[in-house]
Amino acid sequence: MKHESQLARLGLFDAKVPRYTSYPTAPHFSKDIGPSQFIEWIEAIPAGRRFPLHACALLSAPVLVLRLPHQGTQTDAPVKTYAETLIKEVAMLKSHLAPGVKLSRLHWGGGTATLLPADSMRAIAAAVFEAVPLGENGEFSVEIDPNEIDDERMDALAQSGMNRASVGIQDFDPFIQSVIGREQTFEVTKMVVDMIRDRGINSLNADILYGLPHQTPEKMTESVEKVLSLKPDRVAFYGYAHVPWMSRRQSLIPAENLPTPPERLALFHLSRELFTKAGYDVIGIDHFALPHDGLATALKAGKLRRNFQGYTDDQAEALVGLGASSISRFPQGFAQNESPTGTYTAAIREGKFSTHRGFVFSKEDLMRGRLIEMLMCDFKADKAELVDQWGADPAVLDAEFAACVAKFEDMVVVTEAGLEIPEQGRPLTRMIARHFDAYDLSKAGHSSAI
């Protein structure tokens, strides 16, 4: 109880802080970045380099992320049009890539990837791999909505090379599902997991939320145990952020039905104990992974990283996002596409990238971004790396570390190696990371610390 009182006094239950999947965070992006800057950064990816691609919206050096449509369409026509636009954007991307570039990761998400018809799935995958082949040991992951998948579409994904699937769950309690407008039975979810496994896809992610309306320890325990019965290789365990001004659906959820901040923290600790007892390693602030999973091995090797998708074991320097609202990260900075689907589509149809804002890194941004990433991934900041590789001033670091200890007391400690967050301080990790954020934190878009 004393520990909880100290956490409360230090602001855990009322602070609004970023999730730090990027630094600087998206509210600090400006209109100074446009298509010409995006092209320049794409063309700077060295020949033969591997990177990730996000098909909802992200590609890195090379990771590619494709941002896909959200639910709500009444016919296939808008979805097929969007797929055709993505294919054209992929072709445009190819025209600016150096020879021999390969993908380290391809991710489809940021929306409901499985809304796509099977023929569109095949066409997009074929276009991507013709433009940028998947490298050795590359990963092709897809976010799957159990309510929006069938055998034909699952076959299309598996035959196109999907080797990791991510299944969104949120909570298995029927009443909570009805309140949040996300009805998805355990039986349907298990059937989809079996479909995934039956096709030889051995890597499975699951997403679950805590802090939802009407969640209790008993209901949380039941949902976590059902998740464990599915044997996912990794679990993303996110705190629900109640932002009704950003989500029309959330405006229907009365705030008085939400767990209190101390109750949220109790739900998190309860679930963490269930996952660790089941053999999962704790990954950062909100993930769990079985020991064989890439996140667990990356953590042990000191190679865990953080990007817009959360925690990752990918070491690529660039991540490229395609699709409406997608964000790319290059060594030079961030670039984001237009968010309105119509505006994005119009630009691509005219043969122009839809980049409309972003951010150019300074040397200090890169140093602080790495410092924050260290804290978020490893709960410690390596002073030698920050000085030798990122150009930090040792005296300035010492002063900032000391100020952090003065602010957070025994929740952080200065060591010979740098700064460390001991176990009792880890609920405050995002707040401690915020201490090293040099930008104005009054901007909107932050969520509670727990």
Side-chain angles (χ1 to χ4, degrees), residues 33-69 80-110 113 116 119-142 156-157 159-162 308 314 316-338 341 344-356 358:
I33 305 300
S36 62
Q37 193 77 72
F38 179 76
I39 290 172
E40 179 183 325
W41 291 345
I42 286 289
E43 292 179 344
I45 296 175
R49 184 64 59 87
R50 286 165 54 92
F51 74 95
L53 185 61
H54 190 162
C56 92
L58 306 165
L59 180 74
S60 86
V63 170
L64 182 59
V65 179
L66 301 185
R67 192 165 195 88
L68 295 159
K80 288 185 174 181
T81 298
Y82 188 88
E84 292 165 0
T85 305
L86 272 177
I87 290 170
K88 182 168 184 178
E89 191 178 16
V90 168
M92 291 164 57
L93 174 70
K94 178 185 178 183
S95 70
H96 294 285
L97 284 172
V101 171
K102 292 185 178 181
L103 289 176
S104 61
R105 300 284 192 278
L106 171 64
H107 178 74
W108 292 11
L116 292 167
D119 58 347
S120 293
M121 291 178 174
R122 295 179 192 275
I124 293 172
V128 169
F129 294 135
E130 191 278 327
V132 206
L134 195 63
E136 185 179 0
N137 298 319
E139 185 177 285
F140 174 15
S141 60
V142 179
L157 290 171
Q159 292 163 10
S160 294
M162 177 180 72
F308 295 108
D314 189 80
E317 295 175 355
L319 177 144
V320 178
L322 303 182
S325 81
S326 65
I327 303 176
S328 301
R329 187 200 190 280
F330 301 95
Q332 303 89 340
F334 296 120
Q336 183 171 18
N337 281 355
E338 288 278 7
T341 302
Y344 155 76
T345 300
I348 302 301
R349 283 180 175 175
E350 293 175 7
K352 303 174 183 176
F353 287 109
S354 73
T355 312
H356 79 117

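This one's a predicted model, so the numbers in the text were calculated from it and none came from an experiment.
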Colleague: For a quick test of reading the model, state the closest non-hydrogen atom pair linking Pro46 to Val101 and the distance between them.
Modeller: O-CG2, 3.6 Å

Colleague: After noting the C-alpha distance and the side-chain angles of Thr85 and Glu89, does the key distance pass the side chain to side chain contact (heavy atoms under 4.5 Å, CB included) rule?
Modeller: CA-CA 6 Å; Thr85 305; Glu89 191 178 16; 5.7 Å; no

Colleague: Closest approach of Gln332 and Trp41, non-hydrogen atoms and distance?
Modeller: CB-NE1, 3.3 Å

Colleague: Going by the rule side chain to side chain contact (heavy atoms under 4.5 Å, CB included), which residues pair with Thr355 if we only count those two or more places apart in sequence or in a different chain?
Modeller: Ile33, Pro35, Phe38, Ala335, Asn337, Phe353

Colleague: Taking 4.0 angstrom as the limit, do Lys94 and Glu130 come out as a salt bridge?
Modeller: yes

Colleague: Taking all non-hydrogen atoms of both residues, which atom of Ala125 and which atom of Ser160 are closest, and how far apart?
Modeller: CB-CB, 3.6 Å

Colleague: I'd like to check the side chain to side chain contact (heavy atoms under 4.5 Å, CB included) partners of Gln159; sequence neighbours left out, ordered by chain and number.
Modeller: Arg122, Asp155

Colleague: Taking all heavy atoms of Asp314 and all of Ser104, pick out the closest pair and write down the distance.
Modeller: OD1-OG, 2.9 Å

Colleague: Quick check for you: to the nearest 0.5 Å, what is the distance between Trp108 atom CH2 and Met121 atom CE?
Modeller: 7.0 Å

Colleague: Does Gln336 reach the main-chain N or O of Ser325 with its side chain, forming a donor-acceptor pair under 3.5 Å?
Modeller: yes

Colleague: Nearest 0.5 angstrom please: Ile327 CD1 to Phe334 CZ, how far?
Modeller: 8.0 Å

Colleague: Rounded to the nearest 0.5 Å, how far apart are CD of Glu338 and NE2 of His356?
Modeller: 4.5 Å

Colleague: When rounded to the nearest 0.5 angstrom, what is the spacing between CZ in Arg105 and CG in Asn137?
Modeller: 9.0 Å

Colleague: At what distance, to the nearest 0.5 angstrom, does CG of Leu134 lie from CZ of Phe129?
Modeller: 5.0 Å

Colleague: Please round to the nearest 0.5 Å and tell me the distance separating atom CD1 of Ile348 and atom CD of Glu84.
Modeller: 13.5 Å

Colleague: Sort out for me which residue in Ile124, Val142, Leu86 forms a side-chain contact (heavy atoms from CB on, under 4.5 Å) with Leu116.
Modeller: Ile124

Colleague: Do you know the tightest heavy-atom contact between Leu103 and Val128?
Modeller: CD1-CG1, 3.8 Å

Colleague: Where is the tightest heavy-atom contact between Ser354 and Tyr344, given as atom of each residue plus distance?
Modeller: OG-CD1, 3.3 Å

